[in-house]
Amino acid sequence: MLDQFFNAAEAEQQIYERWEDAGCFKPSMDTSAEAYAIVIPPPNVTGVLHMGHALNNTLQDILIRFARMQGKNVLWQAGTDHAGIATQMVVERQLAEAGSNESRATLGREAFVDRVWQWKEESGGKIVGQLKRLGASCDWSRLRFTMGERGAEDDQMQAAVRKVFVDLYNDGLIYRDKRLVNWDPHFQTAISDLEVEPKEVKGHYWHLRYPLADGVTYEHPVFDEEGEPAGTETRDYIVVATSRPETMLGDTGVAVHPDDERYKDLVGKHVILPIVNRRIPIVGDEYPDPEKGSGAVKITPAHDFNDFDVGKRCGLEVMNILTSIAAIVDGEEADTAAIPADYRGLDRFEARKQVVAHFEAHDLMQEIESLKIEQPFGDRSGVVIEPWLTDQWYVNAKELAKEAIAAVKDGRTRFVPENWEKTYYNWMEDIQPWCVSRQLWWGHRIPVWYGPEVFDGELNQTSASFGQVFAAETEAAAKQLALAYYQREAPDWGVKHIEVVSDWNSALGHNAFEADDNDTIALFQDEDVLDTWFSSALWPFSTLGWPGETEELNTFYPGAVLVTAFDIIFFWVARMMMQGLQFMKDIPFKDVYIHALVLDEKGQKMSKSKGNVMDPLDLIDEYGADALRFSLASQAAQGRNIRLSTKRIEGYRNFTTKLWNAAKFCQMNECANWDGPIDPSRVKEPVNQWIIGEVARTCDAIAKAIEGYRFNEASDAIYRFTWNVFCDWYLELIKPLLNGDDAEPKAETRRVAGWVLDEILKLLHPFMPFVTEELWEKLSEDGPSRDGFLMMQSWPSYDGFENAAADAEMDWVLEFVSEIRGVRGILNVPAGAKPGLAVVNGSTETKKRLQRHRDVLMRLARLDSIYTDDDVPAGAVSVVLGEATLALKVADLIDRQAEGDRLKKRIAGLEKDIGGIEKKLSNEKFLANAPPEIVEEQHQRKADWSAELIKLSDAFAQLEQL
RNA sequence: GGUCGAUUAGCUCAGCGGUAGAGCACUACAUUGACAUUGUAGGGGUCACUGGUUCGAUCCCAGUAUCGACCACCA
């Protein structure tokens with residue numbers, strides 16, 4: 001016998017292990033079956049499961065389990081992501097916290113990367129274990145990692161990344177460029193636009209006076225207190241505003257709009273830049289907006305994206321004044337910029353204070369404005385990002401985007417919900433070059449080796465130029481390329497060997513070529529690694545064995561659907577589209593289902609700093625994985641975020657208990673279906689015929705909803721059927737049959753009830769895999785053993801299982817009971833009281849139904865007797881059911897006042913409704929334009945309501961006479 | 001500034017061109033009955049506002065207001 005409750009904590013782990021041991025998660029590789037594949041959005045390998053993962057993987061698991069039960073050849077490709085910056089950050093922090101003297105710098109690259117691998121191995125299994133606790137039925141035997149395997153020669157995942165890079169390079173779609181990047185001074189790496197988070201912070205605009213050179217002055221308009229023009233004043237300076245005053249050290253010009261009357265004549269003149277005392281030009285450019293600020297803009301081409309463009313147009317110098325940690329430069333660059341000694345090496349914020357102080361001290365500060373300003377922050381480091389001029393590798397995203405846009409436009413890939421397509425287009429159509437190099441150590445090293453450049457057969461030794469690029473998938477291939485190159489381009493050198501050295505400095509020494517006997521050229525590999533998303537972009541095919549040609553690749557590419565949240569449409573989805581189309585010549589997935597974000601109860605994003613994080617594992621411990629999953633699925637309506645509350649999860653935990661107890665009831669009553677499929681045409685009892693049809697309808701609704709990614713509708717359908725139809729009605733309705741002595745209906749009912757329970761387990765399984773599997777197994781203990789796991793059962797299909805006559809009859813029974821219960825409630829008839837009931841004016845059909853369901857009606861409506869009569873007995877309470885009046889004989893039990901109120905209220909309601917319909921039916925336009933079935937419906941409704949009105953009015957009149 | 005979304009019961013949210021729904025909360029009643037992690041019943045809504053289309057609008061369209069998200073910009 002089943003226990004009182006489902007013990008999730010005990011059962012879940014065991015069940016999961018049995019599934020996995022039995023190989024249930026592996027694809028059938030049945031070639032006759034339709035292939036269905038989903039690649040998991042790989043979580044950070046060292047991360048922990050959060051609510052977003054829980055939702056994301058619950059939805060995928062529902063799709064996967066559903067497809068598996070449908071007999072498809074199903075692969076849920078599992079894997080984890082190396083998460084470059086995030087993981088490197090964690091390990092660096094660990095080193096710092098360990099308190100030893102070790103740091104990234106002291107360890108050096110190799111040892112540090114080793115540490116990260118070590119950390120990956122220690123913690124990398126954790127998230128996988130957590131996904132298992134959620135019930136995710138991924139094929140773990142195919143687990144992949146974006147970085148491949150540690151130290152493995154010829155690792156396929158790494159080979160995929162290198163091949164993509166090299167192929168794109170050879171096609172001119174990857175190139176090296178010197179331009180401003182978003183520089184993260186904390187990690188000392190470039191980051192992509194997407195990794196920059198603009199945040200509003202308190203700041204200032206400092207309005208600075210730059211003195212005009214050569215004694216120039218101009219007339220600047222002034223305004224009085226009311227803002228009215230009040231003539232002009234003569235100025236020997238020009239005012240510019242900035243939120244980053246320290247950048248003035250790198251100013252190489254001041255721009256004004258060429259049509260700006262105030263400054264027109266100043267174009268071509270110069271200012272003397274304070275502090276550094278450099279003479280810089282005033283230029284005319286369209287960029288400054290005369291309406292904003294003073295209308296004059298300081299131009300710092302090396303440290304501002306807009307200024308960079310202005311500088312380019314106006315031929316201004318680009319003068320770098322910041323180091324990689326965003327301190328003011330020292331040495332050669334500082335000399336060039338004429339930076340005074342007391343600024344050199346200063347942190348940017350210290351320098352800011354000092355600059356401000358200088359301006360104030362020298363009467364050069366026009367105004368300090370305090371306001372909120374938007375500043376760019378690194379999403380991982382949390383420090384202010386500086387635009388910085390560096391050499392980086394870029395992917396020509398614009399070119400790759402063309403096909404990726406086309407694939408969505410022509411419907412090869414479809415977004416669900418559709419409106420995300422627009423977001424995708426908006427971004428794709430204005431896509432910027434993708435900076436893919438990162439100055440990190442943890443990641444795929446860029447497969448590029450540099451050698452000395454050759455000009456006219458001569459080695460270019462000026463500034464030690466190593467501009468010759470050899471992009472190759474292996475070091476050996478790079479060497480080959482280089483050898484061929486130098487022998488071809490510089491035959492005089494007599495190069496015979498290529499050597500790879502660790503860095504630029506060693507290469508410089510090797511390639512000195514001072515002695516004629518040097519026949520070796522040294523190359524060194526690019527120090528940088530690739531953006532994590534570069535490898536993630538290949539995920540749909542790299543995980544399946546590409547660049548090899550594998551059976552899995554042939555079978556499972558493209559995938560059926562990608563399930564993800566909108567926040568990585570740009571990071572990931574768009575890039576998978578681009579790379580998939582480029583390298584597989586086909587879309588990576590047919591559908592992209594974009595689900596909601598999971599927020600806390602108040603609609604806030606969960607974050608550690610807010611302290612409102614809900615840990616899915618805690619919730620699983622408390623309520624069971626099934627309850628959490630169901631809660632997430634039931635709220636996964638398209639286009640809205642999920643506010644998660646424990647109340648709701650608790651409710652679905654109760655649902656598992658309800659199901660469990662229903663199963664226990666079936667077990668106690670020997671309700672089981674050991675005889676396989678049921679033949680509805682041989683089922684005789686209306687209640688059984690009806691419930692079979694309800695199962696069929698529910699199954700259909702669930703399947704349609706899942707196929708349309710309407711998870712909330714699907715979970716709703718199975719919930720309602722299980723609780724409100726099966727438990728609340730069916731089990732109550734069959735109790736008399738089960739307790740009765742009539743052998744044949746009893747046997748039929750036992751079998752049908754058992755069958756329905758089995759079907760519920762199947763239909764519910766994708767949502768609540770654990771409790772359903774547990775029940776499937778526990779219930780099997782009483783009978784012949786069943787054919788394997790529930791999760792491997794076929795998704796049911798019911799054709800011709802519905803029975804309209806049974807439905808009509810049972811609807812009548814349900815309404816009968818509901819009406820009587822309702823009137824009892826309103827009139828406060830004590831639950832223990834069992835009045836008699838007269839059925840007046842019942843048709844033959846009604847009388848038959850009364851006969852068949854007498855026991856059930858008396859039981860559920862709590863009646864003492866049911867009989868037919870010609871008139872409503874005096875003092876009885878009338879309820880209208882179809883053509884009949886149900887007269888509850890409760891005269892001495894009820895509150896007459898309450899009954900009068902009830903009737904009045906109902907009568908008034910009916911009169912109002914009938915009035916509305918009459919108005920409609922007298923409207924000729926309605927009759928002319930509305931579809932006939934609607935008109936007919938209105939007529940029918942009017943007739944029904946009018947009949948009821950008459951009966952209730954009679955009843956009211958009678959009550960008054962008493 | 002651009003784009004997208006939201007506004008429905010006390011709360012959280014579904015839904016829909018033809019009688020307004022769920023869960024939770026609330027109220028009353030029930031207790032050794034599969035289940036109190038329960039059952040039965042009930043109260044509660046001008047579907048943000050203003051126009052338009054329509055025989056009919058909570059639903060479609062336009063506008064307004066409020067809230068939110070994303071993108072861009074910010075001297």
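Proteins get letters first, then strands, A, B, ... in listed order; numbering begins at 1 in each.
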For the residue pair [Y] / [X], report whether a side-chain donor-acceptor contact shorter than 3.5 Å exists.
X	Y	result
Ser634(A)	Tyr652(A)	yes
Tyr210(A)	Asp251(A)	yes
Glu650(A)	Asn654(A)	no
Ser922(A)	Lys920(A)	no

Just verifying a value: how many Å separate [X] [atom1] and [Y] [atom2], rounded to the nearest 0.5 Å?
X	Y	atom1	atom2	answer
Leu761(A)	Leu779(A)	CG	CG	6.5 Å
Thr749(A)	Asn739(A)	OG1	CG	11.0 Å
Thr698(A)	Tyr719(A)	OG1	OH	14.5 Å
Leu888(A)	Leu827(A)	CG	CG	8.0 Å

Next item on the list: Check the angle between the aromatic planes of His204(A) and Trp206(A) and answer parallel, tilted or perpendicular using the 30° and 60° thresholds.
Entry: tilted
Base, sugar-phosphate alone, or nothing: which one does [X] contact when heavy atoms must sit under 4.0 Å apart?
X	answer
Cys727(A)	base
Trp206(A)	nothing
Asn419(A)	sugar-phosphate
Glu924(A)	nothing
Glu732(A)	base
Asp289(A)	base
Lys199(A)	nothing
Thr423(A)	nothing
Pro931(A)	base
Arg720(A)	sugar-phosphate

Rounded [atom1] spacing from [N] to [M] in Å:
N	M	atom1	result
U12(B)	U31(B)	P	36 Å
G43(B)	A28(B)	P	15 Å
G1(B)	C73(B)	P	16 Å
C13(B)	A25(B)	C1'	14 Å
A65(B)	U50(B)	P	15 Å
C16(B)	C59(B)	P	13 Å
U8(B)	C47(B)	C1'	4 Å
G23(B)	A14(B)	P	16 Å

Checklist line | For RNA chain B, the dot-bracket pattern of Watson-Crick and G-U pairs whose distances stay under 3.5 Å, | for other-strand partners | finding: (((((((..((((....[..)))).(((((.......))))).....(((((..]....))))))))))))....
In whole angstroms, how far is the [atom2] atom of [N] from the [atom1] atom of [X]?
X	N	atom1	atom2	result
Tyr425(A)	G2(B)	OH	P	23 Å
Phe305(A)	A75(B)	CZ	C1'	17 Å
Asp307(A)	C73(B)	CG	C1'	13 Å
Asp430(A)	C73(B)	CG	C1'	13 Å
Met668(A)	C35(B)	CE	P	7 Å
Asn426(A)	G1(B)	CG	P	18 Å
Gln4(A)	G33(B)	CD	P	11 Å
Asn661(A)	A34(B)	CG	P	10 Å

Considering just the side-chain nitrogens and oxygens of [X], establish if one lies under 4.0 Å of OP1 or OP2 belonging to [N].
X	N	result
Arg824(A)	A41(B)	no
Arg648(A)	G23(B)	no
Lys422(A)	C4(B)	yes
Trp420(A)	A69(B)	no
Lys905(A)	G43(B)	yes

From the list [options], which nucleotide is the closest neighbour of the side chain of [X]?
X	options	result
Leu731(A)	A34(B), G39(B), C55(B)	A34(B)
Glu374(A)	C73(B), G18(B), A75(B)	C73(B)
Arg862(A)	G33(B), U37(B), G39(B)	G33(B)
Gln938(A)	G18(B), G39(B), G15(B)	G18(B)
Ala930(A)	C70(B), C55(B), G33(B)	C55(B)
Lys647(A)	A25(B), G18(B), G39(B)	A25(B)
Ala831(A)	A30(B), G39(B), A75(B)	A30(B)
Glu937(A)	C71(B), G18(B), A34(B)	G18(B)
Ala662(A)	A34(B), A30(B), G39(B)	A34(B)

Margin query: Using a distance-only criterion (donor-acceptor N/O pair, under 3.5 Å, no hydrogens), is the base of U37(B) paired with the side chain of Arg653(A)?
Written below: yes
Check: Any donor-acceptor pair under 3.5 Å between the side chain of Lys658(A) and the base of C35(B)?
Finding: yes
Margin query: On RNA chain B, does the nearest nucleotide to Asn923(A) precede the nearest nucleotide to Thr657(A) from the 5' side, or the other way round? Give the residue.
Written below: Thr657(A)
Next item on the list: Map Phe566(A) and Val817(A) onto RNA chain B by nearest heavy atom, then report which one ends up closer to the 5' terminus.
Entry: Val817(A)
Notebook entry, point to check: Does the ring centre of Phe566(A) sit less than 6.0 Å away from the ring centre of Trp420(A)?
Noted result: yes
Next item on the list: Would you confirm whether the ring centroid of Phe665(A) sits within less than 6.0 angstrom of the ring centroid of Phe726(A)?
Entry: no
Check: Where do Phe926(A) and Gln938(A) come nearest, in terms of heavy atoms and distance?
Finding: CZ-CG, 3.9 Å
Note to self: Looking at U37(B) and Phe5(A): do their rings stack (centroid distance under 5.5 Å, interplanar angle under 30°)?
What the structure shows: yes
